[in-house]
Asker: 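The structure under discussion is supplied below as structure tokens; questions concerning it will follow.
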Amino acid sequence: MFTDLAAPADSPLLENLNPEQRAAVTLPAGNALILAGAGSGKTRVLTTRIAWLLQTGQVSPGGILAVTFTNKAAKEMMTRLGAMLPVNVRGMWIGTFHGLCNRFLRAHWKLAGLPSTFQILDTQDQLSAIKRLMKQFNVDDERFPAKQTQWFIAGAKEDGLRPRDVEARSDDDRKKIELYQLYEEQCQREGVVDFGELMLRSYELLRDNDPVREHYQRRFRHILIDEFQDTNRLQYAWIKMLAGNTADGRFVPGDNSVVAVGDDDQSIYAFRGARVGNMADFVREFEVSHQIKLEQNYRSYSNILDSANELISHNKKRLGKNLRTDQGPGEPVRVYESTSDFAEAQWVVEEMRQLMRDGIDRKEMAILYRSNAQSRVLETALFNAAVPYRVYGGLRFFERAEIKHALAYLRILENKDDDTSFLRIVNFPPRGIGARSIEALQDAARAAGRSLHDAVSAVGGKAGGNLSAFVAKIDVLREQTQGMSLREIIELVLDHSGLIEHYKADREGADRIENLEELVNAAESFVTQEGFGRDAVALPVDELRQSSVSQGLDPNRPLLDEPLAPDAETGETLSPLAAFLTHAALESGDNQAQAGQDAVQLMTVHAAKGLEFDCVFITGLEEGLFPHENSMSDYESLEEERRLMYVAITRARKRLYLSHSQTRLLHGQTRYNIKSRFFDELPEGALKWLTPKNQGGFAPSAFGYGGGYATSRGAGSSYGRETFASPPVPPQKAAPSHGLRSGMQVFHNKFGEGTITALEGSGDDARAQVNFPRHGVKWLALSVAKLTPVT
DNA sequence: CTCGCTGAGATTTTT
DNA sequence: TCTCAGCGAG
């Protein structure tokens, strides 16, 4: 099954590739799976393969379809490809699943049953649309929280299911399906699509329209998919539509080649619909003839790599892969146990300062954690030590409220029926249109079956007056902006909407105004980058046509290659404004406010995927946190936690630090945590314990790992924020007043000897959960039960 | 309309 | 404990 690694034809592109990489780059036509370990040069292989296919004349640029998950990955691929070959990368179908589906739907909007100006709802918009819907139909939001409905709808779409396809197992299900149906109708009426809809609509159009499907099947000779382990059911089905035929329900691979690149060990998005099983299905259904493993790691020293390998070997469901490196062992992986999360943070900062003294750049140091809430303590410690840091995550540029407001104005210009946008701005800035007027308007709109914008004339009275003024303002703006450049449109809207004025009056509005000005810049650079200049559009088409001719392909077939995705029949393209709005929805922008600065990097493990640093600190390695308590109960999600840990470890190039804390302030309570089981799954030889192993008297093996943590009110007060001034506290000080600790062996007069598995409360309320070998697990009030430590 | 209170919820997240 | 959404009072 595995491909012969004989050296293929020479090409400068193939220089400096190892045999596996080279084999992957030069795979013959046919379907293939590339198992690419962390740091194995996956992106390089993917891009080089595209370049090689083009260079050897096996395919024209138009015959390539390369799909990624993030805009960042897509951009990187295009940049690298552009550096390898003098080819117009913008015109190629390289992009995210959603970006490509958008392009496809823009070209075939009519066939897809969409208005040509359809706009995209992001997650926020989707939630507010659902809330609005549920209010309208008087759905009990106690029983059906809007968030849950959103989750349900998105989940269904990820599985490729329309309301009628969803199986109802309960009355609640039936209600949710009904809401899903109503939501769909609302979106259709308003001319908007959510992220899931982009995928699902595209899939359905391919499935139901033979000429369209056949056209694209003929066209995309080579399909390449990055991060295949993260694909969901629908995305996999979409690929099948492009790559083969599903006549009479059975899939038969087509003539085109599909190369899937992925790493099952790095699958960490099951919670949002990703299905690792797609990899195995792919091998079977696509009758994969070549599988290649990229196991040579170019990133980390072997102590780090061995740790990763050993850890992940505890997962049973794997395709099987072991990373290796030619680099030496390097530094040992350092492990630190602290008494409190404050002390842990303090230790991290101290270590970092030492690393800085050793000449390591701050931006080469990262602190990783399982959940966002953990960043706080770390931030405080860094702040107090005056170490510059940057936190990933949080609001992105296009998600900021003021930006969303401005975009809503712009969207309503483009599509007057977009009720979500209408509601967002109808009274922002405030113009005397309150809840009552809006309700009246909504009733009128529903009665007339029209959009809010169109229903305004039906509302009388003072409310009607204000509303009419608003709509008139919008209509005037729409008129005025005809023929204007994108920049002029935005400036005019910012001015006439009153947004700028509104924020000027606000004491804390300065940042918001700055962001709004940044929006103008974003639009400006969008125009230049996307090639909106008049001649910039024409050029790539010509080039492509020429290259098609030289490849002996039909020059007259429709070329849907321009970034603007013109209508497939008329060639009409979106207005710059509509294109920019699409861009804003599909690419929520950076959240790296001060990117480029030399600052320490803080992020969740999820956010770290795909990144690498010289020095990595993985903090909070405690049972209940990492692995997370919600994932400890079932085996599948525990394996995902382990993969998450694997991802975290493999981010480090030179040094890796692991830490856990005996206590942690969480939700305002002090939790007593035992160290993560993952420590027991690492090779002892690669580790160096900075604190004595198992210090603190507990023996994890004595009682297994069943939710061994407890909470205690007020116990955290003894480690105030002041402790930041002092060096790390020795572990002994953490014990609460009763002197008991998780893991301790204790004696009880009636039950005999047992192990403390959890502690909760303080003072008179203090309770301990004790596991007695003969009597099982008991909760004991410490004020009543006499527990004596066994020495 | 804005302010301030109350109560629920508090993994992970891209598009 | 903290945050944020939703709601009632001024």
Side-chain angles (χ1 to χ4, degrees), chain A residues 67-74 95-102 120-128 131 135 141-142 145-148 151 154 157-158 193-200 202 226-227 230-232 234-235 267-274 368-377 392-396 398-399 401 427-437 502 506 582-589 591 603-610 620 624-632 637 640-641 643-645 647-648 664-671 711 713-714 716-717:
Chain A
V67 201
T68 64
F69 271 88
T70 64
N71 290 302
K72 201 176 153 202
T96 62
F97 277 102
H98 299 269
L100 295 173
C101 284
N102 172 60
I120 300 164
L121 296 184
D122 68 15
T123 319
Q124 281 178 44
D125 300 331
Q126 188 189 31
L127 185 63
S128 59
K131 279 183 184 164
K135 208 169 227 171
D141 58 353
E142 296 268 285
K147 277 249 173 67
Q148 202 185 302
W151 177 256
K157 290 191 180 184
E158 276 157 7
V193 296
D194 59 37
F195 288 132
E197 189 70 23
L198 282 172
M199 283 295 324
L200 188 48
S202 306
D226 193 16
E227 306 280 16
D230 288 337
T231 51
N232 60 35
L234 177 58
Q235 285 158 340
S267 157
I268 54 174
Y269 285 110
F271 71 92
R272 66 175 200 217
L368 309 184
Y369 34 79
R370 175 69 238 266
S371 60
N372 284 306
Q374 288 167 255
S375 77
R376 262 185 96 110
V377 216
Y392 276 65
L395 273 195
R396 323 270 263 296
F398 287 114
E399 289 166 1
N427 197 35
F428 194 93
R431 46 177 71 88
I433 301 173
R436 294 203 75 108
S437 323
H502 173 82
D506 188 343
T582 298
H583 165 82
L586 285 177
E587 198 164 342
S588 28
N591 46 18
M603 65 193 84
T604 64
V605 179
H606 281 95
K609 188 175 168 210
L625 246 188
F626 199 177
H628 196 275
E629 51 189 317
N630 299 358
S631 306
M632 293 187 347
S637 47
E640 179 144 319
E641 293 288 307
R643 291 194 291 268
L644 201 48
M645 181 66 185
V647 168
R664 184 171 297 275
L665 212 48
L666 198 66
H667 307 332
Q669 294 188 317
T670 302
R671 280 170 53 147
T711 55
R713 226 155 299 154
S717 56

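Letters A, B, ... mirror the listed sequences (proteins, then strands); counts begin at 1. Side chains included, hydrogens not; waters and symmetry mates left out as well; all remaining heavy atoms used.
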Asker: Please state the P separation for the pair dT12(B) and dT3(C) - nearest whole angstrom.
Answerer: 15 Å
Asker: For Ser637(A) and Glu640(A), indicate whether the former's side chain and the latter's backbone hold a donor-acceptor pair under 3.5 Å.
Answerer: no
Asker: Who pairs with Thr231(A) by side-chain hydrogen bond (donor to acceptor under 3.5 Å, both in side chains), at least two apart in sequence or on another chain?
Answerer: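 By the side-chain hydrogen bond (donor to acceptor under 3.5 Å, both in side chains) rule, Thr231(A) matches Asn278(A).
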Asker: Has Arg272(A) got a side-chain N or O lying under 4.0 Å from the OP1 or OP2 atom of dT15(B)?
Answerer: no
Asker: Once salt bridge (Lys or Arg N to Asp or Glu O under 4.0 Å) is applied, do any residues pair with Glu197(A), and if so which ones, sequence neighbours excluded?
Answerer: Lys157(A), Arg162(A), Arg201(A)
Asker: dT15(B), dT12(B), dT11(B): which one has an atom nearest the side-chain heavy atoms of Thr70(A)?
Answerer: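 Selected nucleotide (nearest to the side chain): dT15(B).
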Asker: Would you say whether Phe195(A) stacks on dT14(B)? The test is a distance between ring centres of less than 5.5 Å and an angle between planes of less than 30°.
Answerer: no
Asker: Would a distance-only check, ignoring hydrogens and angles, find a side-chain to backbone donor-acceptor pair under 3.5 Å from His628(A) to Asn630(A)?
Answerer: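 Yes, His628(A) side chain to Asn630(A) backbone: donor-acceptor pair under 3.5 Å.
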Asker: I'd like a list of close polar pairs between nucleotides 4-10 of chain C and the protein, N/O only, cut-off under 3.5 Å.
Answerer:
{"from": "dG6(C)", "atom 1": "OP1", "to": "Lys131(A)", "atom 2": "NZ", "distance (Å)": "2.9"}

Asker: Taking atom P in both dC4(C) and dT11(B), what distance in whole Å separates the two?
Answerer: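 Taking atom P in both dC4(C) and dT11(B), they lie 14 Å apart.
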Asker: Quick check: His606(A) with Tyr392(A) (ring centres under 6.0 Å apart)?
Answerer: no
Asker: Hey, is the main chain of Ala584(A) close enough, under 3.5 Å, to the side chain of Glu587(A) for a donor-acceptor pair?
Answerer: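 Here the side-chain-to-backbone pair does not exist.
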